[in-house]
2 protein chains.
Amino acid sequence: MDTKILLPEDRIPKQWYNIIPDMPGPLAPVIHPGTLQPVTPDDLLPLFPIGLIEQEVSPNRWIDIPDEVRDIYRLWRPSPLFRAHRLEKALGTPAKIYYKYEGGSPAGSHKPNTAIPQAYYNKIAGTKRIASETGAGQWGSSIALACQMFGLECTVYMVKVSFNQKPYRKSMMQLWGAEVIASPSDRTNAGRAILAEHPDSNGSLGIAISEAVEDAATREDTRYALGSVLNHVCLHQTIIGLEAKEQLAIAGDYPDVVIGCHGGGSNFAGIGFPFVADKANGKNIRIVAMEPTSCPTLTKGVYEFDYGDTAKMAPISKMYTLGHDFMPPGIHAGGLRYHGASPLVSQLVHAGVVEALAVPQNACFEAAVLFSKSEGIIPAPESSHAIRGAIDEALKAKEEGKERVILFNLSGHGHVDMTAYDAYFSGKLEDYEYPEEAIKESLTHLPKVSF
Amino acid sequence: MDTKILLPEDRIPKQWYNIIPDMPGPLAPVIHPGTLQPVTPDDLLPLFPIGLIEQEVSPNRWIDIPDEVRDIYRLWRPSPLFRAHRLEKALGTPAKIYYKYEGGSPAGSHKPNTAIPQAYYNKIAGTKRIASETGAGQWGSSIALACQMFGLECTVYMVKVSFNQKPYRKSMMQLWGAEVIASPSDRTNAGRAILAEHPDSNGSLGIAISEAVEDAATREDTRYALGSVLNHVCLHQTIIGLEAKEQLAIAGDYPDVVIGCHGGGSNFAGIGFPFVADKANGKNIRIVAMEPTSCPTLTKGVYEFDYGDTAKMAPISKMYTLGHDFMPPGIHAGGLRYHGASPLVSQLVHAGVVEALAVPQNACFEAAVLFSKSEGIIPAPESSHAIRGAIDEALKAKEEGKERVILFNLSGHGHVDMTAYDAYFSGKLEDYEYPEEAIKESLTHLPKVSF
């Protein structure tokens, strides 16, 4: 029995799967933060190229992947699907565990799956430069790589605390030709306003988004790029699940449960959405989003309209939210620290199609260590949440004495996150209590919108 | 035209290629550092299990790979062979450039190819614990992984300056269950002697080797493991070149030139030795070892008997050497800072079968950056030497207007070496002059041996 199921390059999917026509009901409108009225595609043109705006609202179930994008995907796609024989044995479970591994991309995560097409649609629309933001740097390094591949300039506003403390991903961005600015910066009104009030500000993802959006909105040659949350980002990531389905078919299996970690929603959508389609067609399958207890958007948030950013400059979406000014504790899975969630994932959770579970970080690192000792690969802290979910499912199967096919997405490697493992081993990781009071307070600040 | 040539798992080679019967002449004996007489297999039993000692001197051209080893190889092997379409285009060369990518292993380099069989042969010989040393940590992390897979304890003596300055690979070793000791340590006589004289010693690979050898030699349950130089290490790495040959055949190509970087010789042997066999059979092919000008063992050293370590505790081999007490400047390609070389590679260079070239580090980083911007993958600083060689060959082909097929080994990724790239971009990398005086001095200390 093989350990990996590989596909040749000509089996890289030719189309992405767009879940919009298969959603349980119409999408809520996206609201302009200034007018509090639904945005039109025209409102978005200063920020996004037309190709991506069309995808954001497309009613077509299948959307062609341009050859230029598939050609770059070839550098690491199709990604391997692994059968976790050694982990199964370590757990003594009758379950079959499969994982799709996205850490083999040049940036080490799934993020280039959407960075590449985003750069492509900008390139053909005449964009010369992309402005974006990044927290720990997974997304920033991916958009830098993508801009390099299409000859676009790239400026990344990087949250200052990460800029200073996580130099490796900053260096990757610079290697791929991007300009990296510590945020808050004096380059934007948003940044200068923060610095005037808090000269020593460490920054936040919300502030960095505001800076990148302002940069793009105020320069004719520049557009904005976001690495998660939006519909077109989820669309591009479905290549993960589409490949996994084909690989599982080769193995003669179909999952009983599909698991992804959840921050903004992109890697979860990537592995999960192609299976949501099957569920809508009557398949008996569970699809589970794993999030951190310290930032429990899907499990403890409300399903309401809220701003995408702290500074209230980004569009308002109907989604699960902890409130746009909720500041999650500083866990190591930086990519999962977002107050909101993909509107598509949110609607699926609200409709009961997708389950959500929250797990504390020590339990996730425990799972990641067991995984590494069995399978070798060292997971990113974000991905460890999916591993925790998969292991718990496998242990349940063992308890019940039942076979079960489990599929999870291993969204990235952890080679540049080893300080997080050090903290775990030294017993210095806190399992934050569910921050009930902070969330309650933050939820009183939601915008007054009803559509 | 595909970007990657993949092989299914059942095409993982079933045998390693042993170059010993195809060498141009008999091997020089290995000399005992105490008696100055040739070592016998019995002399090596306190350090190595019998399976590896047999491989060290085997006259058989093909040696079976145990199923237990192939099963673990499946986690990342066969490794992909890439055609560097984008790099070729960036260079405007008529040459075809192929690279074998070994950075997809759990440890991020080619080192697990030998760590896994070394742990296996120890396991079946009843070894309970392995002691080894590491500089920057590529080898240490790989032997830790391998011991984890076979349930062996593992202690790694890590050069103190790296222990303090390169925490990421130390953390990987700990994650895979190894005990990591900063060397010099108070655990061994060798370490205590150094500390008594130099309490603030930063350590060196030579000292760390002495500590690990002493640890293994003085404990019945413990054996020693080395990540390069030795014949059995080169043997295990030939899986790289064997796979590459099969993949090139699928592409319908055969290389005019094969290139690997060279430190102790293991990754070079891996890509090169299977082609040396063809050359011996009349194929017109060049095989080139790339080394740093700061540690120019093959190009500026002498082909003489010398100690494998600084402390003169390791066996004496006939090899190219800069002298066992030569201390190379602190370049970023830590894996290439070794005073000696694999005796097998040395003999091939001496016989004119293999060419050697030395390149300065700035030129290597320049090549690595061009490579990353074209192909995505960020190379380890060691591997950048092979890239420099490949690019120079491709540029020569362009100048001459000739097609040429170039194959090189991309032995590891550079995600944990980004500080080296930072130093390059900030103009802080020195191109060390060839350290002629230091080498001349060191070469006066060779042992008096002639066989």
Side-chain angles (χ1 to χ4, degrees), chain A residues 1-10 71-78 80 82-83 85-86 101 103-108 112 141 145-146 148-149 167-172 174-177 365 368-369 372-378 413-426, chain B residues 1-10 71-78 80 82-83 85-86 101 103-108 112 116 141 145-146 148-149 167-172 174-177 365 368-369 372-378 413-425:
Chain A
M1 170 69 205
D2 278 358
T3 293
K4 301 180 295 298
I5 297 142
L6 302 176
L7 295 174
E9 284 175 27
D10 59 9
D71 271 354
I72 297 180
Y73 279 168
R74 289 167 191 264
L75 292 173
W76 73 96
R77 303 212 72 85
F82 284 86
R83 170 82 185 270
H85 292 294
R86 288 167 194 278
Y101 182 48
S105 80
S141 54
L145 169 70
Q148 174 63 42
M149 291 281 168
Y168 280 38
R169 290 207 170 270
K170 174 178 64 182
S171 308
M172 285 186 200
Q174 289 167 336
L175 170 55
W176 284 318
F365 277 98
V369 169
S372 287
K373 288 188 167 179
S374 310
E375 298 289 315
I377 296 171
I378 301 174
H413 74 60
H415 284 187
V416 290
D417 300 288
M418 295 310 300
T419 47
Y421 284 92
D422 285 347
Y424 168 69
F425 281 118
S426 65
Chain B
M1 171 69 205
D2 278 359
T3 293
K4 302 180 293 299
I5 298 143
L6 303 176
L7 294 174
E9 283 174 29
D10 59 9
D71 271 355
I72 297 179
Y73 279 169
R74 289 167 191 265
L75 292 172
W76 73 96
R77 303 209 72 84
F82 284 87
R83 169 82 185 270
H85 291 295
R86 288 169 195 277
Y101 182 47
S105 80
I116 299 295
S141 54
L145 169 71
Q148 174 62 43
M149 290 283 167
Y168 280 39
R169 289 208 170 270
K170 174 179 62 186
S171 308
M172 285 185 200
Q174 289 167 336
L175 169 54
W176 285 318
F365 277 99
V369 169
S372 287
K373 289 189 168 180
S374 310
E375 298 289 314
I377 296 170
I378 300 174
H413 74 61
H415 283 187
V416 290
D417 301 288
M418 295 310 299
T419 47
Y421 284 92
D422 286 348
Y424 168 69
F425 281 118

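Naming convention: chains lettered A, B, ... in sequence-line order (proteins, then strands); numbering from 1 in each chain.
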Quick one: what part of [X] sits under 4.5 Å from any heavy atom of chain B, side chain, backbone, both or neither?
X	result
A/Ile5	neither
A/Asp422	side chain
A/Arg83	neither

Next on the checklist: If you count heavy-atom pairs within less than 4.5 Å of chain B, which of A/Gln174, A/Met149, A/Glu9, A/Met172 leads?
Outcome noted: A/Glu9

Heavy-atom distance under 4.5 Å to chain A: side chain of [X], backbone, both or neither?
X	value
B/Ala107	backbone
B/Tyr168	both
B/Leu75	both
B/Asp417	backbone

Checklist entry - What option among B/Arg74, B/His85, B/Lys373 has the most heavy-atom pairs under 4.5 Å with chain A? => result B/Lys373

Checklist entry - Picking from B/Asp10, B/Ile378, B/Ile377, which has the most non-hydrogen pairs under 4.5 angstrom with chain A? => result B/Ile378

Item to check | Test item: A/His415 side-chain N/O and B/Gly414 main-chain N/O as donor-acceptor pair under 3.5 Å | outcome: no

Checklist entry - Can any side-chain N or O of A/Lys4 pair as donor or acceptor with the backbone N or O of B/Pro8 at less than 3.5 Å? => result no

Checklist entry - What class does the angle between the rings of B/His413 and A/His413 fall in, given that below 30° is parallel, 30 to 60° is tilted and above 60° is perpendicular? => result parallel

Next on the checklist: For the CG atom of B/Leu7 and the CG atom of A/Leu6, what is their distance to the nearest 0.5 Å?
Outcome noted: 9.5 Å

Checklist outcome for this item: CE (A/Met418) and CZ (B/Arg169) are apart, to the nearest 0.5 Å, by 9.5 Å

Checklist entry - With a 4.5 Å limit on heavy-atom distance, are the side chains of B/Leu175 and A/Phe425 in contact? => result yes

